[in-house]
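A quick write-up on the structure given underneath.
This is a predicted model, so every value here is computed, not measured. Below, chains carry the letters A, B, ... as their sequence lines are ordered, and counting in each starts from 1.
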Amino acid sequence: MEFQAYDPKRIEPKWQKIWAETHAFEALDDHTMPKFFGLIEFPYPSGNGLHVGHPRSNTAMDIIARKRRMQGYNVLFPIGWDAFGLPTENYAIKNNIHPAIVTKKNVDHFREQLQKIGFSFDYSREVDTTDPDYYKWTQWIFLKLFEHGMVFRDKTLVNYCPTCKVVLSNEDSQGGKCDICHGDVVQLPKDVWYLRITKYADKLLEGLKSVEYPENIAQQQVNWIGKSTGAFVNFAVKGTDEKLEIYTTRPDTLFGVTFMVMAPEHPMIDKYADRIANMDAIRAYREDCAKKTEFERTQLVKDKTGLKIEGISGINPLTGKEVPIFISDYVMMGYGTGAIMAVPAHDQRDWEFAKKFGIDIIQVIKGGDIEKEAYTGDGEMINSDFLNGYTNKKDSIERVLEEIEAKGYGRAGVQYKMKDWAFNRQRYWGEPIPLIHCPHCGVVAVPYEELPLRLPEVEDFQPGTDGKSPLARIESYVNCTCPKCGAAAQRETDTMPQWAGSSWYFLRYCDPHNTEAFASKEALDYWMPVDWYNGGMEHVTRHLLYSRFWHQFLYDIGEVSCPEPYIKRTAQGLILGTDGEKMSKSRGNVVNPDDIIDDIGADAFRLYEMFMGAFDQAIPWSTNGAKGCRKFLDRVWRLQEMLVDSDTYSEKLMAMMHETIKKVSLDYEAMKFNTAIAAMMTLVNEMYAAGSVTKAELKTLIQLLNPVAPHITEEMWERNGFGSGMMRAPWPQWDEAAMVKSEIEIAVQVCGKVRGHIMVPADLTKEQAEATLASHEGVQRFLAGKNLVKVIYVPGRLVNFIAK
RNA sequence: GCCGGAGUGGCGGAAUGGCAGACGCGGCGGAUUCAAAAUCCGUUGGCAGCGAUGUCGUGUGGGUUCAAGUCCCACCUUCGGCACCA
């Protein structure tokens with residue numbers, strides 16, 4: 001019979017069909033089995049389809065999932081669609097097609113592309129965040145948050161274009177210009193809904209200790225939360241009964257305060273407007289600030305601007321001294337109390353401000369040269385009354401806090417950089433917020449039994465020119481009756497942000513068709529927590545924090561039984577274009593996986609994605625490199641021509657077989673796919689060198705390779721009669737004893753330089769190693785005329801002779 | 001500015017403090033072919049040498065060590081994140 005060449009175009013559709021028809025990858029109902037829940041970030045189904053970046057994460061988790069099945073686990077490896085979002089809405093507006101139709105088309109396209117790559121997803125558990133059966137539960141969780149006081153309404157500053165009368169995202173208002181009309185954007189206060197994530201700041205920090213996140217990911221979360229410890233101190237305001245509260249991390253420098261600064265938006269300014277002599281100038285300064293975007297405000301760091309408030313001033317509670325109050329935009333309303341005590345001697349920003357405005361600088365910590373710059377180091381306290389002589393920052397802070405608290409001037413406190421989560425958008429394509437504004441009862445929740453609150457059908461998805469959502473134009477939607485008192489009331493018309501649906505999707509995977517709950521208790525108890533979650537670095541702060549927050553909240557109210565949703569998180573690096581730049585449509589360097597699969601097949605594509613470099617690093621795409629992976633699969637396939645009918649490993653390859661099993665098994669777990677594949681390539685090279693391969697050797701090789709290249713290996717498994725059900729065949733085991741060799745080659749060094757190699761028995765002792773000195777002429781040449789002072793022997797590696 | 005990565009052949013990249021460059025791409029030489037593709041075999045860090053061999057080599061400058069890509073100190077470049085956070 002003519003040997004048939006490797007033909008992925010025939011093999012791949014064949015196995016994809018078999019897997020689908022036999023429901024091969026559906027999670028089993030047997031809850032007595034050990035479980036493995038592997039998760040990848042569900043994709044946003046954009047109109048551009050899949051790019052080669054998506055499969056990198058998917059293939060990695062697919063490898064782990066397939067390996068786990070062979071290790072006897074009941075595996076849940078699901079897929080779904082994070083389908084609400086702006087790009088779809090914008091496309092819908094532009095082409096006048098309903099976003100739901102666009103979404104369906106995109107989802108179908110994505111699914112088809114994913115299936116062509118042969119991922120072992122359980123498609124029977126697909127979720128779609130835009131499906132009312134799904135967002136019913138997103139709304140349900142929101143109402144639970146509302147019920148427990150985790151939702152509140154407050155003002156924020158938004159980017160607003162007065163010409164277009166529309167609220168803009170930060171991306172659409174870069175450089176302070178409107179992306180649509182290129183006019184000036186202003187910062188406008190607007191009422192928005194917030195989720196009280198800051199209440200969970202400490203729990204989110206604490207929880208990091210019980211999970212397995214790589215150091216850099218955990219650190220990014222810690223930085224984002226940005227916990228600082230310090231003190232709130234009240235300064236009396238001369239001329240009023242009011243106290244101005246500030247936050248500081250350095251209460252020990254209180255004696256060095258020479259002025260105070262408020263954020264331009266600070267409410268105290270308006271409150272005492274009639275006592276402020278230069279209110280006109282202050283209003284003008286405020287307007288200038290409002291024009292600046294967040295971006296500009298943080299760019300002009302060096303040149304501090306500001307204005308002294310004439311008419312009110314602060315009193316230092318410890319010294320009783322009067323200090324002037326300024327406004328400046330280097331103080332933010334959104335952090336601390338929106339006001340600071342300024343210590344120019346020991347804070348660089350305060351120092352710059354003081355120099356510009358000619359304010360006194362009082363040094364209270366010895367060290368540095370405060371004429372040149374602020375001194376932020378440690379030192380002995382001076383000019384500080386009862387603190388004088390303290391040399392340790394911790395001690396002086398403790399002492400001053402004692403004093404402040406005893407006299408009622410303030411208290412110790414913590415602050416977080418993390419802000420509460422602004423939880424609404426003035427857009428159509430999102431989950432409707434299930435709240436009702438009643439003129440008598442205030443804000444009232446939509447009753448649970450009325451969920452899902454469906455998105456109404458509209459003709460026009462354009463955002464309103466008044467900064468309101470398009471839903472606000474649908475009278476039949478807006479007008480309703482209050483569920484509490486029955487009075488005529490109005491619905492909230494904003495929708496939830498895209499982060500909402502992705503904050504709990506992994507829970508729905510556990511029991512996706514449940515109509516009574518977001519998932520049954522039983523399913524949650526079995527499947528949760530997620531054992532391994534892989535995704536992009538770009539999501540390790542916000543998405544990870546948001547979803548951990550929701551989960552911790554659900555845990556606190558008894559809806560889930562584990563406090564942390566993910567046991568282990570990993571992140572893959574980006575795949576760049578062949579030019580080394582980030583892939584983007586505008587750069588024209590996007591590589592489409594369909595083309596690659598058409599050329600070399602899905603298995604070779606998967607193989608290359610994993611082989612191209614370290615998994616967690618950004619790597620440029622190389623089409624030649626991908627072709628090399630196809631070449632390897634061709635070589636694997638042709639091993640079938642060299643087959644020897646034996647169900648044991650050959651003497652020659654015995655050690656290497658076991659070494660390869662070990663290397664591949666451990667490297668897969670450590671996500672070192674590139675070296676795992678390299679080890680298999682080395683093994684195949686050795687098989688070619690040996691000229692033959694036994695059935696047992698081939699069987700093991702294709703099992704090791706199966707998670708990466710499932711189609712070709714299933715086909716070879718079948719052709720060679722290795723039995724049915726490759727995907728649940730036991731994972732190969734290695735035997736350390738079989739790896740031991742009787743003779744090994746070690747390096748011989750003289751004074752640290754390699755001077756030769758020598759074959760020695762593997763169990764060579766140090767004494768025996770020293771004796772080899774005499775027998776090795778290469779060594780003697782370098783030792784001639786010198787005295788041997790020391791011999792270092794590293795078993796199995798080298799022997800080093802030190803001579804003088 | 002702060003936090004976290006990364007700098008190794010022509011290229012992507014390997015390397016528990018122990019022989020730098022595994023594996024792949026590309027290149028070169030050969031076999032096969034009428035020829036080419038594909039395939040197989042060999043070779044491939046720089047410099048010197050016909051050669052055995054020698055010598056220099058992991059961003060820069062110091063240091064620790066018998067031994068440093070790996071550890072320590074100072075710096076340069078680059079990528080990601082945060083950023084007037086009091």
Side-chain angles (χ1 to χ4, degrees), chain A residues 5 214-224 226-228 230 246-250 253 260-261 263 294-295 297-302 304 328-332 334-343 346-350 352-353 415-419 537-538 540-541 571 573-574 576 580 582 607-608 611-614 616-629 631-632 634-635 638 672 674-685 688-689 745-757 778 789-803:
Chain A
E215 182 52 36
N216 59 335
I217 292 180
Q219 196 56 48
Q220 271 194 39
Q221 297 224 343
V222 170
N223 290 349
W224 183 276
K227 182 175 183 170
S228 85
I246 58 95
Y247 175 74
T248 179
T249 54
R250 296 298 304 271
T253 62
M260 302 178 77
V261 187
E294 198 80 14
F295 179 76
R297 220 166 133 165
T298 55
Q299 281 309 298
L300 303 166
V301 177
K302 285 191 189 95
K304 298 265 180 297
S328 173
D329 64 357
Y330 84 89
V331 174
M332 306 289 153
Y335 185 78
T337 62
I340 62 160
M341 64 177 215
V343 185
H346 305 292
D347 182 291
Q348 189 57 28
R349 293 152 307 174
D350 297 346
E352 279 159 18
F353 195 86
Q415 274 294 301
Y416 302 94
K417 287 187 198 179
M418 183 171 69
K419 296 179 175 116
M537 270 316 280
E538 68 276 22
V540 302
T541 48
L574 230 50
L576 308 170
K582 196 170 168 174
L607 192 69
Y608 178 61
F611 181 64
M612 58 198 299
D616 56 1
Q617 268 157 48
I619 306 284
W621 181 267
S622 155
T623 300
N624 271 338
K627 282 187 177 146
C629 286
K631 223 156 96 178
F632 170 67
D634 278 318
R635 276 165 73 78
R638 281 198 309 273
K672 289 162 80 172
N674 52 339
T675 49
I677 292 165
M680 289 186 277
M681 287 173 168
T682 308
L683 177 62
V684 170
N685 289 345
Y688 271 81
E745 190 189 61
I746 63 166
V748 180
Q749 297 183 335
V750 178
C751 296
K753 290 203 169 176
V754 181
R755 295 301 181 180
H757 294 91
V789 285
K790 201 174 174 188
V791 179
I792 289 148
Y793 175 57
V794 184
R797 297 218 178 247
L798 53 78
V799 57
N800 188 5
F801 296 103
I802 315 301

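OP1 or OP2 of A86(B) has at least one side-chain nitrogen or oxygen of Tyr335(A) nearer than 4.0 Å. Between Asn685(A) and G24(B) there is a side-chain polar atom (N or O) within less than 4.0 angstrom of OP1 or OP2. Between Lys417(A) and C3(B) there is no side-chain N or O to OP1 or OP2 distance below 4.0 Å.
At a threshold of 4.0 angstrom between heavy atoms, the contacts of Gly226(A) with the nucleic acid are absent. Nucleic acid contact for Asn216(A): sugar-phosphate only, since backbone atoms but no base atoms lie under 4.0 Å from a heavy atom of the residue. If you check every strand for non-hydrogen atoms under 4.0 Å, Lys672(A) touches sugar and phosphate atoms only. In this structure, Ser622(A) reaches neither bases nor backbone, as no heavy-atom distance under 4.0 Å exists between it and the strands shown. At the heavy-atom level, Glu215(A) lies nowhere under 4.0 Å from the strands shown. Within 4.0 Å (heavy atoms only), Asp634(A) reaches no atom of the nucleic acid at all.
Listed nucleotides: U16(B), C84(B), G4(B). Nearest to the side chain of Arg797(A): U16(B). Considering only side-chain atoms of Ala614(A), the nucleotide from A14(B), C40(B), G24(B) that sits closest is A14(B). Candidate nucleotides A86(B), G18(B), G54(B) were compared by shortest atom distance to the side chain of Arg755(A), and G54(B) ranks first.
Figure legend. U33(B) is base-paired to no nucleotide; pairs are counted as Watson-Crick or G-U wobble with both atom distances under 3.5 Å. When both distances must be under 3.5 Å, the Watson-Crick or G-U wobble mate of U55(B) is G46(B). Applying the Watson-Crick and G-U wobble criteria (two distances, each under 3.5 Å), G80(B) pairs with C3(B).
Every side-chain contact (heavy atoms from CB on, under 4.5 Å) that Gln219(A) has, sequence neighbours left out, goes to Glu215(A), Val222(A), Asn223(A). Under the side chain to side chain donor-acceptor pair (under 3.5 Å) criterion, Gln220(A) pairs with no residue at all, not counting sequence neighbours.
Checked by distance alone, Asn800(A) brings a side-chain donor or acceptor within 3.5 Å of a matching partner on the base of C66(B).
A83(B) sits 30 Å from G13(B) when the P atoms are compared, rounded to a whole Å.
Trp224(A) has its side chain within reach of Met418(A): a pair of non-hydrogen atoms, C-beta onward, lies under 4.5 Å apart.
Distance check, rounded to the nearest 0.5 Å: OG1 of Thr675(A) to CZ of Phe611(A) gives 9.5 Å.
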